[in-house]
Amino acid sequence: MMGLLETAKISLRSLWANKMRSGLAILGVIIGVGAVIAMIAVGRGASLQIESHISSMGSNILIIVPGTTTSGGVRMGAGTQQSLSLDDAIAIEEECSAVSHVSPELSGVAQVVYGNRNWSTGVIGTTEGMMDVHNWSVSSGRFLTDQDVRSSTKVAVIGETVAYELFGSANPVGEIIRIKKVPFQVVGVLAPKGQSAFGSDQDDVIFVPVTTAQKRLFGTPFPRMVRRISVKARDAESIYLAQEQITALLRQRHRIGPNQDDDFTVRNLTQAMEAAQQSTQAMTLLLGAIASVSLLVGGIGIMNIMLVSVTERTREIGIRMAVGARPRDIRLQFLIEAFLLSVIGGIAGIALGALLSQTLVLLFDWSTSISPSSILLAFGFSGFVGVFFGFYPAYKASLMDPIEALRYE
Amino acid sequence: MALIEAEGVRKVYRMDGVTVEALKGVTFSINEGEFVAIMGPSGSGKSTLMHILGCLDVPTSGRYLLGGVDVGSLSRDGLAGIRNSKIGFVFQGFNLLQRMSALENVELPMLYGGVPSRERAEKALAALKTVGLEERKGHRPNQLSGGQQQRVAIARALVNDPPLILADEPTGNLDTKTSVEVMELLVSLNEEHGKTIVLVTHEPDIASFSKRIIRVLDGSISSDEVVIKHDGIA
Ligand SMILES: Nc1ncnc2c1ncn2[C@@H]1O[C@H](COP(=O)(O)OP(=O)(O)O)[C@@H](O)[C@H]1O
Ligand SMILES: [Mg+2]
């Protein structure tokens, strides 16, 4: 009976004695594990990014836009009709119990001037609800108030990028800027949010009272028109109820008959993001699966080398059997050899995978994330591959007839 | 007391439809402490007999008892256990592991006998001392002469202290001088350590070191006689 440790020592020695061959045998596993690690890191990086976008966008968000889309693609008119008004937003806030905050939005691109500096940016007419719906906060000054909306005051809350472009490091609060030549007083600066899920700079924005935007900045076909309404549901469970309540309310307010299509569309953004998240995860799985195939090929490489090794060492097997090695001792020796090969390949592969994903970060600015579980997975998988593909050669070795083996030249 | 009892041992090889009866039912017994030489022309069945005596193979029919145990009924594991504890092999071609030192080669049987590491090294060194090679313990087989390699192999055969040592043409690859050294070593193992030795050879000079000669011819025993007196090859 031979101990595992003894066997491992013998195995390591014979692997070391054939360095070149052992190296070639594990190359496949190194590449396989490296690919698995790197692919999972890329996939995880993407999904973490989406996750952070979801949380920066705010959770449980519904977006209402004018016009309609049908799934068959026959009518693709979302956003083309002018059917939403500020009063729709007010009615939703007051009547839909599943809704906690509402943010009507009327936006456009405008030239903004301060002194001799100017900057072109997105200007959004909105209400105080914007803060809660889209998780904004101010780093200095204040946000828009109901009072601002009621009296159409000419005040603006500016994003960090706009503040930097117009004011540099100076404090913008209290200063007067001109948006489309209309003077606005800056009352607050937004706390920065960074890039959106679609790569745009979310801090390149100016918020003004929606009523001021309607009257002073953007011409509208009818006076109280807004381009979209963002809504936050009370919680994750009430998001579908909110959707139903809003649809019913707007159909009633817009006097849409039972057989008529909606003239608005309610989009569930969280749902869309979750779908994106799911497809990223599916992608990760797919990439991982493809990479696993190379690991499998690596396993076949190990089997190949082990078969050669068993044949080459037939005489050694005969000698060991003659002095008392049982079939299972021989089997264990070769199995451990294959296992060690594979695990050493796995460790090198993990290093390669880390290097690879780091390279992707540097070259393409992708975000990657190596999780401990993917390392564990790769490690376990390579060990499994070693045992699985090592079993046949080891079994073959253990079946040898000692007399034949001793006679082998 | 009989260490080896063979009763009507037959061995039939079947290859590609051709059957060869290598042993045609041999019956003999060897007592503890004997030194027996098996002689016979090439192809007469000497090696086949040694393989069966060494538990590397089992008879096709007949019985072989080693120390009273019927070997024919044992599993592969059981045979391996007997080879490990009851039998030491010495081969014509030495059969040492090239990657290992002399000491490690001698340790090999103890590895499969579950002897703890430190005890292994001690016993292996003692066995190398018995064959006069303790200062060569770190040498690889290819750094040793043929005679030295065969002595390492003898140390390996001794190390688990088996009652029986089987040697199939142990001097076949050696010159006359080293052959005599190896034979004298076997004689001392027989006389001083009480080992039972069974040796295959076709050289009368080598056989003359033994105390009994069994002649095999065409798978059967043709003669079995005690060597009256021997003084080596003088
Ligand atoms: N594995 C085998 N398969 C088939 N025939 C064998 C095998 N081993 C030995 N033989 C045959 O058995 C006979 C005895 O062989 P062996 O015992 O090796 O003789 P010796 O050792 O006396 O030269 C020979 O005819 C040989 O060809
Ligand atoms: Mg022979």
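Residue numbers start from 1 in every chain, and the chains themselves are labelled A, B, ... in the order their sequence lines are given, proteins ahead of strands.
Panel note: side chain B:Thr201, backbone B:Glu169; no donor-acceptor pair is recorded below 3.5 Å. Formation of a donor-acceptor pair under 3.5 Å by the B:Asp168 side chain with backbone atoms of B:Ser47 is not found in this model. Side-chain atoms of B:Asp175 come within 3.5 Å of backbone N or O of B:Thr178 as a donor-acceptor pair. The backbone N or O of B:Arg10 lies less than 3.5 Å from no partner atom in the side chain of B:Lys24, so there is not a single donor-acceptor pair. At distances below 3.5 Å, at least one donor-acceptor pair connects side-chain atoms of B:Arg151 with backbone N or O atoms of B:Val131.
Between A:Phe391 and A:Phe389, a ring centre-to-centre spacing not shorter than 6.0 Å is recorded.
In the displayed structure, B:Lys137 atom NZ is contacted under 6.0 Å by at most 12 heavy atoms of other residues, nucleotides or ligands.
Interface residue B:Glu104: only side-chain heavy atoms are found under 4.5 Å from chain A. Residue B:Ile82: no heavy atom, backbone or side chain, is found under 4.5 Å from chain A.
Side-chain N/O atoms of A:Ser14 and A:Glu337 include a donor and acceptor closer than 3.5 Å.
Contacts with chain B (heavy atom to heavy atom, under 4.5 Å) involve these residues of residues 393-401 of chain A, listed by number: A:Ser398, A:Leu399, A:Met400, A:Asp401. Contacts between residues 297-311 of chain A and chain B, counted as heavy-atom pairs separated by less than 4.5 Å, involve no residue at all.
The residues B:Asp57 and B:Lys11 are annotated as salt-bridged, a charged nitrogen and a carboxylate oxygen being separated by less than 4.0 angstrom. The residues B:Arg118 and B:Glu122 are annotated as not salt-bridged, no charged nitrogen and carboxylate oxygen being separated by less than 4.0 angstrom.
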